[in-house]
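Taking it in order: structure first as structure tokens, then the write-up.
Reminder, nothing fancy here: chain letters follow the sequence lines and each chain counts from 1. Since we're looking at a predicted model, the values are computed, not measured.
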Amino acid sequence: MAIQKEKTPMRSQSPEERIKNFDEVPFGYNKEEALREAERCLQCPKSPCVDGCPVQVPIPQFIKALRDGSVEEANEIIKSKNNLPAICGRVCPQESQCEKVCVMGNKKEPVAIGRLERYVADTMLEREKNISADTAEKNKGAADMALEVKKEKKRKVAVIGSGPAGLTAAADLAKEGFAVTIFEALHETGGVLRYGIPEFRLPKKILDQEVDYIKGLGVEIRVNHLVGKSVTIDELFADGYEAIFIGTGAGLPRFMNIPGENLNGVYSANEFLTRVNLMKAYKFPEYKTPVKVGEKVAVVGAGNVAMDAARTAKRLGSEEVVIVYRRSEKEMPARDEEIEHAKEEGIIFKLLNNPVRLYGKNGRVARMECVKMRLGEEDASGRRRPIPIEGSNWIMDVDTVIVAIGQTPNPLLPKNTPNLATESWGGIIVDEKMATSRKGVFAGGDIVTGAATVIEAMGAGKKAAQSIKEYLEKEK
Amino acid sequence: MFEILEKEVLAPGIKKITVKAPLIAQKTKPGNFIILRVNDEGERIPLTVADYERETGIITIIFQEVGYTTELLGSLEVGDYIKDIVGPLGHHLELEGYQRVVCLGGGSGTALLYPKVKGFYEAGAEVIAITGARTKELIILEEELAEVSNKLYITTDDGTYGHHGFVTDILKDVLETEEVDLVVAIGPVPMMKAVSEMTRPYEIKTIVSLNSLMVDGTGMCGGCRVTVGGETKFTCVDGPAFDGHQVDFDELMNRLTYYQEEEHQCRLAKEVNK
């Protein structure tokens with residue numbers, strides 16, 4: 001049988017239908033589709049895909065197990081490296097990681113590794129849900145007691161932030177036998193997975209199930225704990241925590257610093273998405289946090305966050321949603337799938353344009369002045385630098401502007417922690433072991449690198465967990 | 001979950017509750033605030049910590065029922081629970097180094113003023129407190145303020161108690177007759193603006209505590225941004241106290257109106273469901 005050239009397509013909600021709801025867009029593979037796609041894997045001995053993955057999931061092995069009919073085994077293989085596969089299968093930029101280097105991709109489309117990972121994870125979550133519903137109540141008391149007994153003897157590690165880096169580090173450390181407590185500033189877990197990524201891309205029940213898995217490993221999660229304010233790093237040490245991992249993310253929104261940016265109707269993407277995702281403003285007034293979008297929305301930026309904001313605005317009923325980006329299509333940082341989905345949903349792209357001023361009417365933004373851009377030489381990031389074309393200014397009518405031009409590390413914890421060295425732009429400085437300038441304090445994810453991807457943060461959390469283990473063994 | 005231990009109605013629509021929140025009680029200083037969420041469907045709202053006891057871990061919150069969430073909070077009774085409270089948030093006030101401080105509170109701003117009056121008084125400053133309300137029955141914390149200040153003036157808009165007029169009338173007299181090195185104003189935005197305008201010619205340092213709309217309260221969303229001295233600041237992490245001579249009050253007032261329709265919608269729904 002000839003090898004299928006293209007990826008097995010994934011069924012999804014039609015664009016016309018999905019812009020009216022917040023349900024997940026792609027449905028995921030069924031068993032047949034998953035097996036058909038798994039057959040496409042060449043099982044090449046070199047397996048470049050594994051090195052393409054920031055957490056080194058043994059990809060050919062899990063695909064083989066799937067092909068041989070054992071989803072359980074496939075799941076175990078994935079989970080040996082990746083604690084959050086149902087999330088990664090959905091939000092990883094596979095096209096620039098594992099699938100980018102897939103040998104199959106040289107001549108045909110690469111194997112849909114992300115979709116297969118999602119299939120395995122979802123299948124297992126579904127099964128666990130059914131099992132746990134039956135036995136959970138019965139076992140709960142005993143499990144709690146066992147946990148309590150074990151905890152007394154275990155060495156304590158604190159993890160700050162329950163985003164992808166924190167959850168991963170916590171899970172790995174718990175598996176190594178440490179008593180791990182996660183401190184989360186918000187009232188819910190997940191960090192950017194909850195406040196940033198919309199329901200239609202990562203359903204919150206999937207996130208809840210992944211978090212439950214991590215709790216099941218014995219990890220305790222304390223919400224409403226803002227480390228640096230409610231409790232300090234030094235107090236955690238005094239409380240018996242022997243090592244600390246900081247995974248507080250890139251929570252500080254960047255603004256354009258142009259006139260008119262504080263008019264009503266101008267949101268940071270963080271605010272807009274937090275209102276909708278964390279606070280469930282899309283269910284207002286059942287949920288009491290409001291969000292306001294108008295008829296004509298401009299989203300500035302072209303990363304994943306910008307696509308999320310644009311597609312969310314569309315679902316909230318905006319007539320016209322425009323992405324305004326200062327470079328060209330080639331430089332857009334968003335995942336291919338998000339850009340494709342955004343286009344299907346009728347999002348308009350005005351590329352090579354940069355906002356320079358916002359004008360208001362009765363206190364609310366009404367017009368946005370842009371200047372056209374052209375691309376010059378490559379800059380430090382390897383992308384061609386955008387240059388304004390003089391005299392090309394033009395004005396568009398808007399009633400909502402969402403600024404999605406990036407986030408920087410949240411300075412709250414570093415500022416309130418003496419002797420924790422940071423870069424001038426706010427990132428915490430770490431060595432190759434993810435150790436900070438403070439003994440016993442490690443850091444990873446966006447707080448170190450600046451805004452990056454979920455999987456890179458997970459990779460950092462993993463590496464830090466390993467280093468913490470080595471550190472504690474030495475410190476015995 | 002945070003259980004309500006005590007509840008007291010201080011004046012019509014102004015309520016005081018105490019809850020056990022040891023971490024917050026341990027760390028709070030005058031000027032800090034908390035964010036709370038009443039229940040799973042609730043919004044996160046910022047409220048000032050009016051008082052705290054380090055030993056018992058109990059904090060006091062005083063709030064005016066001005067919208068859906070504060071009314072919901074006001075409807076809770078002793079033994080009921082608040083789902084989430086996080087804090088202390090924001091910068092606390094620096095209390096040391098002042099000789100004579102004037103503290104002005106308007107309306108329920110008086111509740112927010114109390115910990116600062118107490119703080120300055122305990123730090124050794126001479127404190128002149130001026131508190132005002134629309135009418136006599138809305139005057140709160142009179143005894144408490146009298147205990148922790150050297151002089152207490154009371155004003156009512158309708159003349160039913162104390163001076164007939166505004167807190168700024170009294171401030172004007174004080175500025176004319178006394179050497180003052182700090183003025184602190186907390187209350188409705190127009191009041192804080194008026195105070196700041198009044199002290200400007202005297203070049204007296206004036207601190208105002210802003211009540212911007214917030215979501216997370218940790219610097220993450222930027223919804224509470226405000227222009228201070230031509231620069232954008234976040235009230236939650238850079239404030240909530242700022243130099244009153246530098247704050248763009250008109251912008252703040254405009255930003256506070258953005259969700260008025262939605263607020264109305266929430267309250268209307270509540271009326272209908274009664």
Part of B:Asp250 within contact of chain A (heavy atom distance under 4.5 Å): neither

Neighbour count above 12 (heavy atom, 6.0 Å) for B:Lys7 NZ: yes

Checking B:Arg225 against B:Phe234: charged group under 6.0 Å from the ring centre and within 45 degrees of the axis? no

Full working for side-chain contact (heavy atoms from CB on, under 4.5 Å) between B:His92 and B:Glu94: CA-CA 7 Å; B:His92 62 83; B:Glu94 290 306 333; 3.6 Å; yes

Region of B:Gln265 in contact with chain A, defined by heavy-atom distances below 4.5 Å: side chain

Considering only heavy atoms and a distance below 4.5 Å, find which of A:Val223, A:Thr232, A:Leu278, A:Val266 pairs most often with chain B. A:Val266

In terms of heavy-atom pairs under 4.5 Å with chain A, the winner among B:Arg44, B:Gln26, B:Glu261, B:Glu231 is B:Arg44

Could you have a look at B:Glu41, B:Met220, B:Glu43 and say which one has the most heavy-atom pairs with chain A under 4.5 angstrom? B:Met220

Between B:Val226, B:Asn32, B:Thr218, which has the largest tally of heavy atom pairs under 4.5 Å with chain A? B:Thr218

So which residue, A:Glu261, A:Lys292, A:Lys229, A:Lys283, ends up with the most heavy-atom pairs under 4.5 Å with chain B? A:Lys292

Measuring from A:Thr248:OG1 to A:Ile447:CD1, what's the distance to the nearest 0.5 Å? 3.5 Å

Can you list the steps and then say if B:Asn39 with B:Tyr81 is a side-chain contact (heavy atoms from CB on, under 4.5 Å)? CA-CA 9 Å; B:Asn39 56 27; B:Tyr81 288 87; over 6 Å; no

Establish, for the pair B:Lys83 and B:Phe2, whether the NZ or CZ atom is under 6.0 angstrom from the six-membered ring centre and no further than 45 degrees off its axis. no

Before giving the answer on side-chain contact (heavy atoms from CB on, under 4.5 Å), spell out for A:Phe237 and A:Glu235 the whole-Å C-alpha distance, their side-chain angles and the decisive distance to 0.1 Å. CA-CA 5 Å; A:Phe237 278 126; A:Glu235 286 163 337; over 6 Å; no

Given that the side chain runs from C-beta out, which part of A:Tyr195 has a heavy atom under 4.5 Å from chain B: side chain, backbone, both or neither? side chain

Chain B contact via A:Leu186 - side chain, backbone, both or neither, heavy atoms under 4.5 Å: both

Is it the side chain or the backbone of B:Tyr258 that comes within 4.5 Å of chain A heavy atoms, both, or neither? both

Where does A:Asn264 contact chain B at under 4.5 Å (heavy atoms): side chain, backbone, both or neither? both

Could you verify whether a donor N or O on one side chain and an acceptor N or O on the other, from A:Arg364 and A:Thr400, lie under 3.5 Å apart? yes

Counting heavy-atom pairs under 4.5 Å to chain A, which of B:Ile35, B:Thr232, B:Asp216, B:Val237 comes out on top? B:Thr232

Could you tell me which portion of B:Ile45 (side chain, backbone, both or neither) has an atom closer than 4.5 angstrom to a non-hydrogen atom of chain A? neither

Under 4.5 Å from a heavy atom of chain A, the part of B:Ile24 involved: neither

Tell me, out of B:Val215, B:Asp248, B:Leu89, who's got the most heavy-atom pairs with chain A below 4.5 Å. B:Val215

Greatest number of heavy atom pairs closer than 4.5 Å to chain B - which of A:Pro290, A:Gly228, A:Gly265, A:Gly363: A:Pro290

Pick one of side chain, backbone, both or neither for B:Arg255, based on which atoms fall under 4.5 Å of a heavy atom in chain A. both

Donor-acceptor contact below 3.5 Å, side chain A:Ser230 vs main chain A:Val227: no

Strictly distance-based, threshold 3.5 Å: is any side-chain N or O of A:Ser318 a donor or acceptor partner for the main-chain N or O of A:Lys296? no

Do the side-chain N and O atoms of B:Glu263 and B:Tyr68 include a donor-acceptor pair separated by under 3.5 angstrom? no

Per-residue tally against chain B (heavy atom, under 4.5 Å) across A:Asn262, A:Leu226, A:Thr289 peaks at A:Asn262

No-hydrogen, no-angle side-chain donor-acceptor test under 3.5 Å, A:Tyr241 and A:Thr181: yes

Pairs of heavy atoms under 4.5 Å with chain B: top-ranked of A:Asn362, A:Leu273, A:Val291: A:Val291

Among A:Arg275, A:Glu286, A:Met279, which residue has the highest count of heavy-atom pairs closer than 4.5 Å to chain B? A:Arg275

